[in-house]
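Reading through the structure tokens given below for one structure.
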Amino acid sequence: MAEYKKTLNLPKTKFPMKANLAQREPETLKRWEQMDLYGKLCAQGRGRPKFILHDGPPYANGEIHIGHAVNKILKDIIVKSKWLSGFDAPYVPGWDCHGLPIELQVEKKVGKVGRKVDAKGFRDACRDYAARQVKKQSKDFQRLGVLGDWKDPYLTMDYQFEADIIRAFGKVVSNGHVDQGCKPVYWCTDCQSALAEAEVEYADRTSPAIDVRFRVLEPEALLSRCHHVEGKTGSGEISVVIWTTTPWTLPANQAVAVNPEFEYALVQCRQDGHDERLLLASAMLKDSMGRYGIDDYQVVAYCPGQALEGMKLAHPFYQREVPVILGEHVTQEAGTGAVHTAPGHGQEDYVVGSRYGLPVDNPVGADGRFLEGTELFAGESVFTANDKVIETLQARGALVHHQAVTHSYPHCWRHKQTPIIFRATPQWFISMAKNSLRQTAMAAVDKVEWMPDWGKARIQGMVENRPDWCVSRQRTWGVPITLFVHKQTGALHPRTPELVEQVAQAVEKQGIDAWFELRTEDLLGDEAADYDKISDTLDVWFDSGVTYEAVLRRREGLTFPADLYLEGSDQHRGWFQSSLLTSCANYGHAPYNAVLTHGFTVDKDGKKMSKSEGNVVAPQDVTKTYGADILRLWVAATDYRTEMRVSDEIIKRIADAYRRIRNTAKYLLSNLSDFDPQQHLLEPGAMLPLDRWAVATAYRLQQQVLAAYERYEFHTLYHRIHNFCSVEMGGFYLDIIKDRQYTMPQDSAGRRSAQTAIYHIVSAMACWLAPVLSFTADEIWRYLPGERKESVLLAEWYTQLFDLDEQEEMNFAFWQQVIEVRDAFLKEMEKLRNQEQAGSSLAVDADLYCGQEIYQQLQKLGDELRFILISASARVLRDTDKTPGAVHYTLSTNDELWISLRPSPHRKCERCWHFREDVGTDATHPDLCGRCVQNIDGAGEARCYA
RNA sequence: GACCUAUAGCUCAACUGGUUAGAGCAUUGCGCUGAUAACGCAAGGGUUGCGGGUUCGACUCCCGCUAGGUACACCA
């Protein structure tokens, strides 16, 4: 009996069930590299419509983490799907190479500039360090299967790139957007440099909160402006009380601000036997007195804030008069309603101070210590100075109250622990107001497509409110601000655009050292004596903010603006904005047509990943244990618009899903071992209706898959494909066609029909999977019979699928009903199994008693319904003849059906395993059914439908 | 204070508010042994984060709370 097995056409393939991705993927990568896959794609893309996804540069420092992987894989999925959609979609990856983090790393090795190394040597070391980081990260990105121009990525430290940054900045200057000013900027005392908004992080910090007296110098003048309570004036000194959490800024105090709209109260206090009068906002009175622990007080007069303007006060510890000024920024949320104002140490103070022409005094040095000559505090660090200021106030009788307060305070994002101070220094700014940059940017934002749409509101809010962009840094490893300013007037050199271009050309040849080594007279000749050469570097956010300039506008085959920028949602304040501002300044529009953002990666409980929590999932680990395709599938399966959860379990589930998809592909391929599309492919019209249904189902799925790629909704596409493998294929179609595949003559129409369907389906499927499971899809592709391109990534979506017409007798609705009938049959089967009356359904006879409509439908299949049920027999009968034991089912179409099953009384055919009455009727094959006899010795059976 | 998120153990559905909230995976039981470190069938599993409200009707709209995430802020 075993001999009949040889007469079957069993599945056969070398396509391995076990993926072994960790080993196989690197081999595939090697092959792609050898065949120059990316080069071939570009060559073949010539003349096609463009799709340009511009890569945001990761910082060239450290190992890539899961967030990097998510970002690059999402980009890769999009780019590949665009190639498959017939676009020319070149992808140029890049790195951000200048800046402080690299300096810090290099300092650890070679020390600070000026000690063991000079600036030039230090920059060389930085360049070297960055190059090594890029190399390492590049390798890791490529290992993930990300396809792009890895041979020629963009680096912001390339000479050409550095020159383009200089040119771009020169253009921003020429367009009149740049200001030099002495404004308070975020300052890190560890970096000893100004910071950008993007370099500031907020964290809780405990600070001393103090209330301080500012003595009123002309009490009579004040009293004359007040409304007195019952003619009282009280007695004792009069002081305005301010509240502050930064005592160290008091040396720079230039004024006290009050809100013109508030009412202020003059309060008579008696403490320790002496009288005094305090002036503070009426609304803050109760809280403040409570804080001071003063119960014995009485309001003697009221005064509108407006009337206090110009009053003279004594600085609490310096011999200095400071005025009362008015400011809308004074609130009643905390404090006393009177605000100590130090224009050198705060943005608001600076703004209101400049209205009154107050000096912008900054007694604090770059290292955070008070400058030589600062009375009382010279040499003291501002943070330790707090105590000293408080002591001084105490000694002078100016301290009303002192307590500790915990509040959110800005810190340096590199140094984490280092609190930032506001410090007025001469800096360069891209002004938001000049030449209406803010309005231009707002208008540009409006024209861009933001996905998800709340991204628009977010960036609008930021652009609307952001201060001028401080672009100068006092660092070594950065692109220089290549300007000359007049020593007396501070004006830019009149030939600035020309000079910038000359410098850019030099930098193009020698890198940024060209500027640092340049002597002023080299460029300015006789004028040199009148000009200062700026030694500041540019904020690295400016570097990355002009990547479109050095990449999109510089390289052939790319377009500006880009079709898409895609980064994490944190880049609304970072790259999206820096790119927007420079582009608006120089071109008047955004550098991108659409912006897509993804969320952050969190652990299984939605918590942030951190080393201390031990919940970090490293992409390298996943790749090593499961393979890059598993990581890629996880990215695709997860809705990236919000937080993306990863954990071992989640990855394991994804690996399970992967195996299902892979095994489906394997099974499809295994049924094509003897199929040559050139010879055996059938026309749609020649195929069996069930096979046409299968192709049409794939056709409809493909429409959904393509739509999902189009909308960047990869998780829906993943679910659909996986469902297709499990439900339509595994649970229905593939199970049914086994009989035909195995038992019919090899070259019979029935068998070739199913193979045609399988061929179409697996060909299409390889394409669906290619952007996500690039390695696996490529592998499937190589096992497909017939002529084809070298890699699935060079292909376009499969075009040979077709739909099923509504007019067909066996249309989708028909097959839907058949599936429901089959589901009902399977439920009855299960009962039989539970009663131990049956195992295989091939040993069961089925009687289906049908209502009128469904009877006619099922009749269409004739005897072939049994192949769909995979039963020994299937009789379609009238419900009027139903037996008492038949079980009732109602279909979704409201058709009614009664099913009765019983074990077949007949023998099992040794070949096809069906239990048939005609087993043994042929003397030469006593163990076979009539059908099998025909299939072996005769012309073969005829199949019409399934 | 602002914005986003919260649906079975996991990943996702549920159109503009409309029957009993759906899939797949996982789990459990069963079958098959011609996809076998596979395949098929079936079953259990949800107070849609919590509490209010609007409505004939709420996963869906409104308010509050909780948890988590993110970006920001002139808290002096």
Side-chain angles (χ1 to χ4, degrees), chain A residues 5 8-13 17-18 197 200 202 209 242-246 249 257 327-331 333-336 338-342 345-352 405 407-410 422 452 454-455 457-459 461-462 465-467 568-574 597 599-600 602 604-608 634 637-639 641-643 645 647 649-650 652-654 656-657 659-660 663-664 666-671 715-716 718-720 722-727 730-732 734-735 738 741-743 823 826-827 829-834 836 838-842 870 911-913:
Chain A
K5 186 166 174 177
L8 296 171
N9 302 296
L10 293 179
K12 198 175 106 189
T13 180
M17 174 148 65
K18 192 149 183 289
E197 302 83 67
V200 173
Y202 289 81
I242 63 94
W243 180 81
T244 179
T245 56
T246 51
T249 60
E328 307 285 347
H329 66 289
V330 178
T331 67
E333 277 158 27
T336 59
V339 173
H340 140 61
T341 300
H345 291 312
Q347 177 67 21
E348 281 291 332
D349 292 1
Y350 174 81
V351 171
V352 69
V405 64
H407 58 154
S408 153
Y409 190 86
F422 268 94
W454 51 259
R458 174 174 280 192
I459 196 151
M462 290 176 172
N465 296 314
R466 66 159 296 147
S569 51
D570 58 331
Q571 295 303 327
H572 285 108
R573 81 161 172 178
T597 55
F600 280 68
V602 293
K604 64 176 162 53
D605 301 315
K607 297 242 170 77
K608 203 192 283 205
W634 167 72
T638 307
D639 184 350
R641 289 169 295 200
T642 159
E643 293 98 71
R645 296 179 183 223
S647 67
E649 194 205 343
I650 291 168
K652 203 168 272 171
R653 289 289 97 86
I654 289 291
D656 286 340
R659 291 197 348 250
R660 172 53 134 178
N663 210 41
T664 302
K666 184 206 164 194
Y667 186 68
L668 292 170
L669 291 170
S670 72
N671 276 290
H715 63 284
T716 61
Y718 153 78
H719 277 281
R720 297 236 195 251
H722 189 261
N723 243 36
F724 175 75
C725 289
S726 296
V727 181
F732 184 68
L734 296 180
D735 213 17
K738 274 178 195 168
Q741 282 302 292
Y742 300 172
T743 67
D823 288 343
L826 288 169
K827 285 222 163 57
M829 249 330 283
E830 187 65 12
K831 288 183 196 164
L832 242 56
R833 287 200 190 101
N834 289 338
E836 295 183 359
S840 165
S841 56
L842 283 173
I870 318 184
R911 185 169 176 274
C912 72
W913 296 346

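Just so it is clear, the model here is predicted, and its values are computed rather than measured. Letters A, B, ... are given to chains in the order of the sequence lines, protein chains preceding strands, and every chain is numbered from 1.
As judged by a 4.0 angstrom heavy-atom cut-off over every strand, A/Asp639 is placed among residues touching the sugar-phosphate backbone only. Contacts of A/His340 with the nucleic acid, taken as non-hydrogen atoms under 4.0 Å apart, involve only primed sugar atoms and P, OP1 or OP2. Across all strands, A/Glu649 comes closer than 4.0 Å only to sugar-phosphate atoms, never to a base (heavy-atom distances). Heavy atoms of A/Ser841 sit nowhere under 4.0 angstrom from any nucleic acid atom.
Stem analysis of RNA chain B (at least three stacked-register Watson-Crick or G-U pairs, each with both distances under 3.5 Å) gives B:2-6 with B:66-70, B:9-12 with B:22-25, B:27-31 with B:39-43, B:49-53 with B:61-65.
When the nucleotides B/rC4, B/rA76, B/rA43 are ranked by their closest atom to the side chain of A/Val339, B/rA76 comes out on top. Nearest nucleotide to the side chain of A/Trp243, out of B/rU11, B/rC75, B/rC3: B/rC75.
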Do nucleotides 33-40 of chain B as a string where each nucleotide becomes B, S or -: B if the base has a protein heavy atom under 4.0 Å, S if just the sugar-phosphate does, - if no protein is that close.
SBBSSSSS

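At a cut-off of 3.5 Å, with distance as the only test, a side-chain donor of A/Ser726 or A/Arg660 sits close to an acceptor on the other residue.
Rounded to whole Å, the distance from CZ on A/Phe422 to C1' on B/rA73 is 10 Å.
Comment: A/Lys827 does not engage A/Glu830 in a salt bridge, judged by the lack of any side-chain N to carboxylate O separation of less than 4.0 angstrom.
Here the straight-line distance linking atom OG1 of A/Thr716 with atom CG of A/Asn723 works out to 11.5 Å at 0.5 Å rounding.
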